[in-house]
Number of protein chains: 2
Amino acid sequence: MSDLGRELSTAVVAYHEAVGAHLGVTAVDQRALALIGRHGPLSAGDLAKRIGLTPGAVTGVIDRLERAGLARRDPDPEDRRRVVVTAIGDGFGRVFAGLSAAMGELTSRYSPEQQEVIADWVTRAIDVLREQTRRLTEGSESPGTR
Amino acid sequence: MSDLGRELSTAVVAYHEAVGAHLGVTAVDQRALALIGRHGPLSAGDLAKRIGLTPGAVTGVIDRLERAGLARRDPDPEDRRRVVVTAIGDGFGRVFAGLSAAMGELTSRYSPEQQEVIADWVTRAIDVLREQTRRLTEGSESPGTR
DNA sequence: CCAGATATTTCAGTACACTGAACTAAAATA
DNA sequence: TATTTTAGTTCAGTGTACTGAAATATCTGG
């Protein structure tokens, strides 16, 4: 099972690399997009803090996401200095459409009780990954933390 | 569930990035290491073909893996032009030790039947990911394919 | 034994994302 | 209203991984 986990993560990383190469976005760009997708629209500055990059670098991140048609810049009507970045339509979903469909098809072949077990495991596995990531990251500097 | 898949993959990518930053190896390096781990020792040239890089770039990949203590260069006794690259001990496992332990602990909390279901789903999910990756990659040029 | 083929490394040049600092515009404060 | 602070972009410089070609070492077929 530990081997399976390793293979799964390798396959996931390879997939993300392929998506990135296909769309002209980096791994960081994709993480930023996922962050927006999960959290909702964010200002450029907030995005910078969240992903640990300088504001200058974030401009590049947004440029690439916009060019790939995955996100959109909008002026904040409340504060016209601010730029609000929004994931377009379901830009992420569109890119991942083939994967989502195949995964849905796969999962539908299991009984409802089995699907329950799988979803539960995946949820907890995500927590484990986040915790381990935090453990690795802490101690290293990040520009936002200074 | 499709959202879960997305979150899982995002978490996996973030974890790999953190591991890479920690050890000074790139995502490509990690994929190369996984390839060696799965397939067994490979010559530098074979590695180049498999990961789609020029021989010159592969020299750098192996350099970084060696520097991180994850792989080893050995001359091929059968053909002294060749260099055989081997994953060290369980270098990969050592790096991923924290993750493997946590994942093992997580999975052990399920009944044997449930574990069966999870392992089955993960195995098939890996196949789906590989297939989708292949679909994205084909059509794009790679140095080895030319 | 010699000429060509093959495996890897080295090296110069290129591409690209990041930092840090200067710049522009807009808000907040006095 | 004038000054200071804040948000984002632009830009020069840096680091790093890649390509393509040349160099080195070794194998193989005539």
Side-chain angles (χ1 to χ4, degrees), chain A residues 13 16-18 20-33 36 41-68 71-86 140-146, chain B residues 13 16-18 20-33 36 41-68 71-86 140-146:
Chain A
V13 170
H16 270 253
E17 270 176 46
H22 197 247
L23 292 174
V25 299
T26 71
V28 172
D29 299 343
Q30 292 184 63
R31 216 173 62 219
L33 185 61
I36 299 168
L42 281 171
S43 75
D46 287 343
L47 199 51
K49 277 178 210 131
R50 297 288 200 113
I51 58 181
L53 289 178
T54 59
V58 166
T59 298
V61 169
I62 305 172
D63 285 347
R64 288 187 294 275
L65 289 177
E66 240 184 355
R67 199 181 314 138
R72 183 162 39 90
R73 266 188 179 90
D74 288 309
D76 183 342
E78 311 256 317
D79 182 343
R80 292 192 322 222
R81 293 169 302 178
R82 275 210 173 85
V83 162
V84 177
V85 186
T86 312
S140 319
E141 283 313 308
S142 84
T145 319
R146 202 197 315 174
Chain B
V13 170
H16 270 252
E17 269 175 47
H22 198 249
L23 292 173
V25 299
T26 70
V28 173
D29 299 343
Q30 292 185 65
R31 216 174 61 217
L33 185 62
I36 299 168
L42 281 171
S43 74
D46 288 343
L47 200 51
K49 277 177 210 132
R50 296 288 200 111
I51 58 182
L53 290 178
T54 59
V58 166
T59 298
V61 170
I62 304 172
D63 285 348
R64 288 188 294 274
L65 289 177
E66 240 184 355
R67 198 182 315 138
R72 184 164 37 91
R73 267 190 180 89
D74 289 307
D76 183 341
E78 311 254 320
D79 182 343
R80 292 191 323 221
R81 293 169 303 180
R82 275 208 174 87
V83 162
V84 177
V85 186
T86 313
S140 320
E141 283 311 309
S142 83
T145 318
R146 203 196 314 178

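Proteins get letters first, then strands, A, B, ... in listed order; numbering begins at 1 in each. Basis for what follows: all heavy atoms, side chains included, without hydrogens, waters or symmetry-related copies.
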Protein-nucleotides 27-30 of chain D N/O pairs under 3.5 Å:
{"residue": "D:dC27", "atom": "OP1", "partner": "B:Arg80", "partner atom": "N", "Å": "2.9"}

**Any residue meeting side chain to side chain donor-acceptor pair (under 3.5 Å) with A:Thr59, in chain and number order, not counting sequence neighbours** = none

For nucleotides 13-16 of chain C, list the nitrogen or oxygen atoms of the protein found under 3.5 Å from its nitrogen or oxygen atoms, one pair per line.
none

**Fill in**
A:Arg50 meets the side chain to side chain donor-acceptor pair (under 3.5 Å) criterion, sequence neighbours left out, with A:His39

**Asked** Just checking A:Gly60: base, sugar-phosphate only, or nothing, at a heavy-atom cut-off of under 4.0 Å?
**Response** nothing

**Item:** Rounded distance [0.5 Å steps], CG in B:Leu65 versus CD in B:Gln30
**Value:** 9.0 Å

**Complete:** By side chain to side chain donor-acceptor pair (under 3.5 Å), A:Arg80 pairs with (sequence neighbours left out) none

**Asked** Taking atom C1' of D:dG8 as reference, at what distance in whole Å does atom CG of A:Leu42 sit?
**Response** 15 Å

**d(CG, B:Leu47; P, C:dA7) in whole Å** = 14 Å

**Prompt:** Looking at the side chain of B:Thr54, which of C:dC18, D:dT19, C:dT8 is the nearest nucleotide?
**Reply:** D:dT19

**Request:** Please report, rounded to the nearest Å, how far the P atom of C:dA17 is from the CZ atom of A:Arg67.
**Result:** 8 Å

**Message:** With rounding to the nearest 0.5 angstrom, report the CD1 to CG distance, A:Ile62 to A:Leu42.
**Reply:** 10.0 Å

**Atom-pair distance (CD1 on B:Ile62; C1' on C:dT10), nearest Å** = 14 Å

**Message:** With nearest nucleotide decided by heavy atoms, which residue, B:Thr59 or A:Ala57, maps closer to the 5′ end of DNA chain C?
**Reply:** B:Thr59

**Message:** Once side chain to side chain donor-acceptor pair (under 3.5 Å) is applied, do any residues pair with B:Asp29, and if so which ones, sequence neighbours excluded?
**Reply:** B:Thr26, B:Arg64

**Request:** Starting at atom CG of A:Asp74, determine the distance to atom C1' of D:dG8, rounded to an integer number of angstrom.
**Result:** 15 Å

